[in-house]
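Notes follow once the structure below has been shown.
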Protein chains: 2
Amino acid sequence: MRYSYQREIILDIVRSTKTHPTAEWIHNKAQKKIKAISLGTVYRNLGLLENLGKIQTVKDNNVVRYDCNIEPHNHLKCKICDTLIDIPVANEAMKKNVKSKYNFDVDDINITFIGTCSKHN
Amino acid sequence: MRYSYQREIILDIVRSTKTHPTAEWIHNKAQKKIKAISLGTVYRNLGLLENLGKIQTVKDNNVVRYDCNIEPHNHLKCKICDTLIDIPVANEAMKKNVKSKYNFDVDDINITFIGTCSKHN
DNA sequence: TAATAAATAGTAATCATTCCTAATAAATAA
DNA sequence: TTATTTATTAGGAATGATTACTATTTATTA
Ligand SMILES: [Mn+2]
Ligand SMILES: [Mn+2]
Ligand SMILES: [Zn+2]
Ligand SMILES: [Zn+2]
């Protein structure tokens with residue numbers, strides 16, 4: 001894979017925040033550094049960075065959010081401010097349970113707890 | 001809310017299957033009973049039926065699937081045949097754990113186990 | 001039966017994402 | 001360094017699921 005300044009900037013931006021930003025948010029930030037960067041370039045490079053294992057994606061409703069935390073983890077989603085909060089996950093027991101009960105081989109577990117975060121007490 | 005034959009047919013169709021169908025699939029089925037039924041009518045009535053608590057929705061990638069099982073439950077998703085399999089969920093312990101660790105009030109938990117179902121042994 | 005307004009059919013609009021293509025630029029060889 | 005090659009980009013069009021709009025139809029009530 002060839003070097004690209006656009007890709008470098010995009011990775012920097014994803015790594016600069018824990019807010020699980022969308023492609024559009026990343027595009028807006030990137031335009032401050034590269035005025036003519038296109039949204040297509042942002043999407044393409046986010047996809048490449050995901051394939052390289054340098055970032056993760058999180059599906060949130062009907063949008064994809066990007067995550068610089070590449071550890072396996074899950075999220076708390078606040079229905080008031082839409083924040084996604086990282087939480088660790090211990091899932092080996094769950095996987096074994098599902099395998100024995102349903103004969104279903106689990107590769108990945110998506111868990112989102114939806115509710116109200118501590119900001120809204 | 002006024003009676004509508006379209007709504008009756010749509011509810012019948014959702015209740016006729018455990019396959020978690022999409023709006024388009026439901027629309028195709030409905031057209032066999034009502035030739036001119038529109039996709040908009042299908043979407044509107046599915047929304048109404050969800051508000052009435054007669055059906056549930058499941059977000060699957062970038063499509064919404066409809067579910068006649070209105071018990072709280074979660075799903076196994078097979079990455080080979082895309083089947084969604086209902087599983088019961090015991091979540092009170094999880095909710096309490098998240099509340100004490102993160103001061104986050106959980107209303108709902110979405111869990112999807114992604115992997116390979118028993119058809120593909 | 002007539003009046004009222006909810007529901008519908010058909011179509012246009014929306015929005016996130018992907019696709020397409022001529023132009024640009026990174027990597028390599030001469 | 002300069003020329004060649006081809007990956008990458010910018011910009012715009014296309015896609016696909018869902019929602020919005022509106023004239024017409026139809027369930028309900030008087
Ligand atoms: Mn995260
Ligand atoms: Mn289900
Ligand atoms: Zn919040
Ligand atoms: Zn399967």
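Model, not experiment: these values are computed from the prediction. So you know, we letter chains A, B, ... as the sequences are listed, proteins then strands, and number each from 1.
The same ILVMFWY cluster, assembled from side-chain heavy atoms under 4.5 Å apart, contains both Leu76(B) and Val89(B).
Per the geometry, CG belonging to Asn61(B) stands 11 Å off P belonging to dT18(C), to the nearest Å. Atom pair Arg7(B):CZ and dT26(D):P shows a separation of 15 Å (rounding to whole Å applied). If you measure from atom CD of Glu8(A) to atom C1' of dA7(D), you get 17 Å, rounded to the nearest angstrom. Ile37(B) has its CD1 atom 14 Å from the P atom of dA7(C), to the nearest Å. Put simply, CD on Gln6(B) is 11 Å from P on dG10(C), counting in whole angstrom units. Between Glu50(A) atom CD and dT18(C) atom P the separation is 10 Å, expressed in whole Å. In this structure, Lys35(B) atom NZ and dT25(D) atom C1' are separated by 13 Å, rounded to whole Å. A straight line from NE2 of His27(B) to P of dT11(C) spans 12 Å, rounded to a whole angstrom.
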Between Val58(A) and Leu84(A), is the side chain to side chain contact (heavy atoms under 4.5 Å, CB included) condition met? List the steps. CA-CA 10 Å; Val58(A) 189; Leu84(A) 289 177; 4.1 Å; yes
Show the numbers, then the answer: is there a side chain to side chain donor-acceptor pair (under 3.5 Å) between Glu8(B) and Tyr3(B)? CA-CA 8 Å; Glu8(B) 180 177 311; Tyr3(B) 169 83; 2.9 Å; yes
Before you tell me yes or no, could you show the steps for Gln6(A) and Thr41(A) under side chain to side chain donor-acceptor pair (under 3.5 Å), namely the whole-Å CA-CA distance, both residues' side-chain angles and the distance that decides it to 0.1 Å? CA-CA 8 Å; Gln6(A) 285 85 344; Thr41(A) 294; over 6 Å; no
Pair Ile80(B)-Cys117(B), side chain to side chain contact (heavy atoms under 4.5 Å, CB included): steps then yes or no: CA-CA 8 Å; Ile80(B) 296 179; Cys117(B) 82; over 6 Å; no
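Counting only Watson-Crick and G-U wobble pairs whose two distances sit under 3.5 Å, DNA chain D takes part in these stems of three or more pairs: C:1-30 with D:1-30.
For the residue pair Thr17(A) and Lys29(A), no side-chain donor N or O sits within less than 3.5 Å of a side-chain acceptor on the partner.
Listed by chain and number, the residues in a ring pair (Phe, Tyr, Trp, His ring centres under 6.0 Å) with His73(A) are His75(A) (sequence neighbours excluded). Considering only residues two or more places apart in sequence or on other chains, Asp67(B) meets the salt bridge (Lys or Arg N to Asp or Glu O under 4.0 Å) condition with none of them.
Within the structure, salt bridge (charged side-chain N to carboxylate O under 4.0 Å, His left out) pairs that include any residue of residues 74-87 of chain A comprise Asp60(A)-Lys77(A), Lys79(A)-Asp107(B) (at least two apart or interchain).
Taking CD1 from Ile55(A) and OH from Tyr66(A), the interatomic distance works out to 7.0 Å, rounded to the nearest 0.5 Å.
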Nucleotide by nucleotide, 5' to 3', does protein get under 4.0 Å of the base (B), only the sugar-phosphate (S), or neither (-) in nucleotides 25-30 of chain C, counting heavy atoms? BBS---
Report, one pair per line, the protein and nucleotides 16-18 of chain D atoms (nitrogen or oxygen only) whose separation is under 3.5 Å.
{"from": "dT18(D)", "atom 1": "OP1", "to": "Val64(B)", "atom 2": "N", "distance (Å)": "2.8"}
{"from": "dT18(D)", "atom 1": "OP2", "to": "Tyr43(B)", "atom 2": "OH", "distance (Å)": "2.4"}
{"from": "dT18(D)", "atom 1": "O5'", "to": "Tyr43(B)", "atom 2": "OH", "distance (Å)": "3.3"}

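Using modelled atom types, no side-chain atom of Asn97(A) and backbone atom of Ala93(A) make a donor-acceptor pair closer than 3.5 Å.
Regarding contacts with the backbone of dG10(C), every side-chain N or O of Ser38(B) stays at 4.0 angstrom or more from both OP1 and OP2.
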